[in-house]
Every structure is written in structure tokens, then in C-alpha cells.
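Take a look at the structure below.
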There are 2 protein chains.
Amino acid sequence: METRRDVFQAIADPTRRAIILLLAVSAMTPNAIAEHFNSSRQAISKHIQVLTECEILKQEQKGREIHYHLNASKMNEIEKWLEQFKQLLAKRFDQLDDVLKQLKSEKK
Amino acid sequence: METRRDVFQAIADPTRRAIILLLAVSAMTPNAIAEHFNSSRQAISKHIQVLTECEILKQEQKGREIHYHLNASKMNEIEKWLEQFKQLLAKRFDQLDDVLKQLKSEKK
DNA sequence: CACTTGCGCAACCAAATAGTTGCACGTATA
DNA sequence: TATACGTGCAACTATTTGGTTGCGCAAGTG
């Protein structure tokens, strides 16, 4: 539970993905979040902890309540990787394009 | 090892993400893939198995070799979720916008 | 036909994960 | 001040993970 976490591991769990979507709409207290799920308060609390550890969530103490809100910028890491993936893929098709062009010119 | 897998779990592991990027460039045999890592052939083989289970990879038998290649469309699921996330976020800002507008008009 | 090569698969293992229960400790409220 | 809330945190458990070793088997090669 205290290993090096990253965003990818964070979103691996469906409950955590749901929490992220929930907090994308508005900040919430742990109890408020937990109400949206069937799991116990503590189970949700653990997920929140995981998300906080990898800085997807930030706390804000308000009296005895703690409001968790999203650090949306962290999600860029996922997008960045996805972009990298798409670039490689595109490059592959470019190369395929080259090959096809070459075949065509050889045909002449 | 045989639970219901999804793309998000698949990309949670850094080695698997690397394999995906590798195969984005070109299809490969398990041995060829393994050569790019320090892990053993079997360890990589397991990762390949995971990726195949959630249909990110597809096999193609060629003689005694098996070529694994990407089913790039599976990656859309990630993008789809990310899109959903961004939409919720945008909506939130729209609402914030509304609030600001309202404040402005009340000021008048 | 022996022999090597490429691979999957089963059995094991240590570590991590998701969840549970129970408690501690400030912050509000009667 | 006594009590009820909101929450974190520690301990314990079952399950899953990522990895290792070793085997088997089909496809090629001498």
C-alpha cells in the first residue's frame, strides 16, 4: 500500500475511476463520496488515500470536514502516454505508406 | 491471473505499457519482445498473456513462431474514459462561468 | 530420426492489493 | 462539559500480482 504509485495504477481500479469522475464534477468529503458506492467508508477512504498519494487528489480541511478535490493536471500523464502511443502508431503507418509508394514506383 | 481484466489494469504495469509501445511500432515474437527487457522470457510471456486476455494483443502463428500484434482499437477505451473525464471537467467550468456571469450581472 | 528452437503452461513464492474491524482524536453541538 | 460527528490510521485477512523454475510439445534442422 505504500509502494511507488503512479497515475496508471491509480486508474486501474474501477472504484477509483468512478471517484475521479465524481470529483471532476465537484469537490467532496469522504463520506459524501462513500455514499455513492456500496463499499464501506473505510474502503473508500483507502482509495482516496491512494489517489492522494499520487497527487490526483488534494485535501482541503474545512472545520472537521475534509474536502477532496481534483488535481486535474495529473491526468495529463495518461494523455501524454496515449499521445506517445498514437505517434508511434502513426509513424508505423507512415512507414507502411513509404513501402507502398516504393512498391508502386518499382512497378513502373 | 484469470480474473476479468480490462485495459486499465493492463496499462497499470510499466512493463506492459512498454510492450504496447514496442508493438505499436511493429509486431514481434515473445522472444523478440523479451530481449528488450531485463525480465525473463516467462515473465514477459505472462505480461503478453495478460495483454492478450484483454484483447490488446492478437496472436498470429507463423510456423513455430507466434507474432503478437496490437489491436490498437482497444486503446480507445482509455481515450473514451479520458474524454468523459474531460467533459465533466469542462461542464464544471461552464457552470463556474455561469456563476461568474451571474455575479457580474448582479453587480450592475 | 535425433536435436534444437520457440513457446505455452503449471506449480510455487513473495509482495502488494482491496477490503474489514476497531480505535483514536480533533471539531462541532446540546 | 458530555456526546455525537467526520475522519485518519493501524492491524489483520483473503485475493491478486509479478516473478521464478521446470516441463512438455509442436515446428523446423542436421
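By convention in this document, chain letters (A, B, ...) are assigned in the order of the sequence lines, proteins followed by strands, and residues within each chain are numbered from 1. This structure is a prediction, so every number in the text was calculated from the model and none was measured.
A donor N or O paired with an acceptor N or O is not found under 3.5 Å between the base of D:dG19 and the side-chain atoms of B:Arg41. At a cut-off of 3.5 angstrom, the base of D:dT7 holds no donor-acceptor pair with the side chain of A:Arg64.
Of the candidate nucleotides D:dG19, C:dG22, C:dG8, D:dG19 has the atom nearest to the side chain of B:Ser39. Listed nucleotides C:dC12, D:dC9, D:dT17 differ in distance to B:Arg5; the shortest reach to its side chain belongs to D:dT17. Nearest to the side-chain atoms of B:Tyr68 among the listed nucleotides D:dG8, C:dG8, D:dG6 stands C:dG8. Nearest to the side chain of A:Pro30, among D:dG8, C:dG19, D:dG19, sits D:dG8.
Here OG1 of B:Thr15 is found 11.5 Å from CG of B:Leu22. Values are rounded to the nearest 0.5 Å. Atoms CD and CD, from A:Gln49 and A:Gln59 in turn, are 9.5 Å apart once rounded to the nearest 0.5 Å. One distance of note links CG of A:Leu70 with CE of A:Met28; it measures 11.0 Å at 0.5 Å rounding. If you take CD1 on A:Ile33 and CZ on A:Arg41, they are separated by 12.0 Å, rounding to the nearest 0.5 Å.
Residue contacts for B:Gln42: at a heavy-atom cut-off of 4.0 Å it reaches a base atom on one of the strands shown.
Between A:Asp13 atom CG and C:dG19 atom C1' there is a gap of 11 Å when expressed in whole angstrom units. For the pair B:Asn38 CG and D:dT20 P, the computed distance is 10 Å after rounding to whole Å. Taking atom CD of residue B:Glu60 and atom C1' of nucleotide C:dG6, one finds them 16 Å apart after rounding to whole Å. D:dT16 atom P lies 10 Å from atom CD of B:Gln9, rounded to whole Å. Atom-to-atom, CZ of B:Arg16 to C1' of D:dT16 comes out at 11 Å; the value is rounded to the nearest Å. Taking atom CD of A:Glu65 as the reference point, atom C1' of D:dC5 lies 10 Å away to the nearest angstrom. For A:Lys46 and C:dT20, the NZ to P distance is 10 Å, given to the nearest whole Å. Note: CD (A:Gln49) to C1' (C:dG19) measures 13 Å, nearest angstrom.
An OP1 or OP2 oxygen of C:dG6 is reached within less than 4.0 angstrom by no side-chain nitrogen or oxygen of B:Thr29. Between D:dT7 and A:Ser45, no contact under 4.0 Å exists linking OP1 or OP2 to a side-chain N or O. Between C:dT5 and B:Asn31, no contact under 4.0 Å exists linking OP1 or OP2 to a side-chain N or O. Checking the phosphate oxygens (OP1, OP2) of D:dG6, no side-chain nitrogen or oxygen of A:His67 falls inside 4.0 Å. Listed pair A:Ser40 / C:dG19 fails the phosphate criterion, with no side-chain N or O lying under 4.0 Å from OP1 or OP2. For A:His47, no side-chain nitrogen or oxygen approaches OP1 or OP2 of C:dT17 to under 4.0 Å.
Salt bridge absent: A:Glu55 and A:Lys58 never bring a charged side-chain N and a carboxylate O closer than 4.0 Å. Under the 4.0 Å criterion applied to side-chain N and carboxylate O atoms, B:Asp6 and A:Arg17 are assigned as salt-bridge partners.
Mapping B:Gln59 and A:Lys62 onto DNA chain C via the closest heavy atom, the residue that lands nearer the 5' end is B:Gln59. Of the two residues contacting DNA chain C, namely A:Gln61 and A:Ala12, the nearest-nucleotide position lying further toward the 5' end is that of A:Ala12.
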